[in-house]
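Since we're looking at a predicted model, the values are computed, not measured. Counting from 1, the numbers follow the sequence of the chain as shown.
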Amino acid sequence: DLSALTSTVLAFSPARVIAVTASVSRRPTTSGARTVGFPLKIWQALPQVCREYLPAAMPAPEAAPYKAFGMVYEANKELPIGVSKRRHLGIDRVFLNCGACHTNTVRDTPQSVAKVYTGMPSNTLDMLAFQTFFFNCSADAKFSAEHIVPEIDRLMAKNKGRLSAIDRYVVYPVAIWIMRDRLLSL
């Protein structure tokens with residue numbers, strides 16, 4: 001019954017809707033993470049490898065490099081809101097979900113801590129700069145295993161990790177080649 005559904009929806013206050021939205025939509029996985037997602041370690045390394053293609057107005061801090069495109073990060077989270085992670089074929093892969101374009105922050109005063117709101121438009125995300133970064137980086141000779149794998153190693157060493165021999169010499173070189181080929185074909 002449509003009228004029962006309408007009255008149920010209208011019974012929610014805007015604050016309740018925001019609370020429900022915030023609790024479920026920050027990092028849901030989509031089929032994109034599985035089917036066309038970027039390998040997480042490559043995603044993490046690219047802003048350092050291709051730093052010259054990041055927007056000049058927003059330098060990328062190493063801990064939150066995609067802030068350069070206006071993406072919103074929460075404290076102690078490795079990925080920005082709106083980026084989901086899914087393990088597929090033995091590799092963690094990431095891809096954008098709705099939260100990338102529909103999350104932003106609001107401050108009560110300029111000195112206040114920013115509050116994250118999902119479901120609202122993002123007035124900071126520069127999707128064109130994000131896409132241009134990946135296209136320019138993939139066209140650069142540095143989009144290769146010889147540049148990306150050492151950066152992955154450097155980032156992993158910060159957490160006392162390292163790539164296995166199979167990952168270093170087979171998995172990631174092949175993943176980098178596939179990712180570059182797919183980006184260049186768009």
Side-chain angles (χ1 to χ4, degrees), residues 17-18 21-86 91-144 147-148 151-152 154-155 158 175-176 178-186:
V17 171
I18 288 171
T21 304
S23 68
V24 297
S25 67
R26 290 193 180 181
R27 289 181 190 81
T29 60
T30 63
S31 63
R34 181 178 49 80
T35 57
V36 296
F38 300 141
L40 173 64
K41 291 182 184 351
I42 298 172
W43 163 274
Q44 292 169 325
L46 286 181
Q48 305 309 318
V49 172
C50 295
R51 187 181 315 244
E52 66 272 21
Y53 299 119
L54 293 170
M58 292 283 295
E62 191 168 303
Y66 289 92
K67 270 189 176 181
F69 305 105
M71 291 184 161
V72 177
Y73 280 79
E74 292 177 292
N76 303 315
K77 300 287 185 182
E78 73 175 331
L79 296 173
I81 296 173
V83 177
S84 62
K85 178 171 77 170
R86 178 179 276 182
I91 296 178
D92 287 332
R93 296 170 72 152
V94 296
F95 200 68
L96 302 181
N97 63 37
C98 301
C101 296
H102 297 285
T103 299
N104 214 336
T105 60
V106 175
R107 297 177 188 274
D108 294 330
T109 68
Q111 296 76 29
S112 299
V113 174
K115 296 176 189 170
V116 175
Y117 288 95
T118 56
M120 70 181 286
S122 175
N123 66 342
T124 58
L125 178 65
D126 187 343
M127 186 57 76
L128 179 60
F130 178 80
Q131 292 172 334
T132 301
F133 167 76
F134 280 102
F135 293 145
N136 289 340
C137 187
S138 65
D140 193 298
K142 289 190 289 187
F143 200 108
S144 65
H147 289 93
I148 296 172
E151 181 60 21
I152 291 171
R154 187 188 73 76
L155 292 171
K158 290 170 54 178
I176 291 163
I178 290 170
M179 187 174 166
R180 182 173 199 229
D181 185 61
R182 285 184 177 174
L183 284 168
L184 291 174
S185 70
L186 293 177

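Residues forming a salt bridge (charged side-chain N to carboxylate O under 4.0 Å, His left out) with Asp181 (at least two apart in sequence, or on another chain): none. Scored by the ring pair (Phe, Tyr, Trp, His ring centres under 6.0 Å) test, Phe133 finds Phe69 as partners (sequence neighbours excluded). Applying the side-chain hydrogen bond (donor to acceptor under 3.5 Å, both in side chains) test to Asn136 and every residue at least two apart in sequence or in another chain returns nothing. Partners of Ser185 by side-chain hydrogen bond (donor to acceptor under 3.5 Å, both in side chains), not counting sequence neighbours: none found. Annotation: side-chain hydrogen bond (donor to acceptor under 3.5 Å, both in side chains) contacts of Glu52 (sequence neighbours excluded): Lys142. The salt bridge (charged side-chain N to carboxylate O under 4.0 Å, His left out) search around Asp92 returns Arg87, not counting sequence neighbours. With sequence neighbours excluded, the residues satisfying side-chain hydrogen bond (donor to acceptor under 3.5 Å, both in side chains) with Asp108 are Lys115. With sequence neighbours excluded, the residues forming a side-chain contact (heavy atoms from CB on, under 4.5 Å) with Val106 are Tyr117, Met120, listed by chain and number. Judged as a side-chain contact (heavy atoms from CB on, under 4.5 Å), and not counting sequence neighbours, the contacts of Ala139 are Leu184.
Distance CD1/Ile81 to OG1/Thr103: 5.5 Å, rounded to 0.5 Å. Taking CD1 of Ile178 as the start and CG of Leu183 as the end, the distance is 12.0 Å to the nearest 0.5 Å. We find the CE-NZ distance between Met71 and Lys67 to be 13.0 Å, quoted to the nearest 0.5 Å. To the nearest 0.5 Å, atom SG of residue Cys50 and atom CD1 of residue Ile148 are 6.5 Å apart.
In summary, the aromatic rings of Phe134 and Phe38 are positioned with their centroids under 6.0 Å apart.
Across every non-hydrogen atom of Ser122 and Gly70, the tightest pair is OG-O, 4.5 Å. The shortest non-hydrogen separation linking Asn97 to Ser84 is ND2-CB, 3.7 Å. Closest non-hydrogen pair, Ala114 versus Thr105, comes out as CB-CB, 3.7 Å.
Between the side chain of Ser112 and the backbone N or O of Thr109 there is at least one donor-acceptor pair closer than 3.5 Å. Although no hydrogens or angles enter the test, the distance criterion places no donor-acceptor pair under 3.5 Å between the side chain of Tyr66 and the main chain of Val83. Checking side-chain atoms of Arg93 against main-chain N and O of Arg86 turns up no donor-acceptor pair under 3.5 Å.
Residues in residues 117-140 take part in no salt bridge (Lys or Arg N to Asp or Glu O under 4.0 Å) pair, two or more places apart or across chains.
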From CA spacing to verdict: salt bridge (Lys or Arg N to Asp or Glu O under 4.0 Å), Glu151, Arg154: CA-CA 5 Å; Glu151 181 60 21; Arg154 187 188 73 76; 2.7 Å; yes
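One side chain, Gln44 or Glu78, offers a donor N or O that lies under 3.5 Å from an acceptor on the other.
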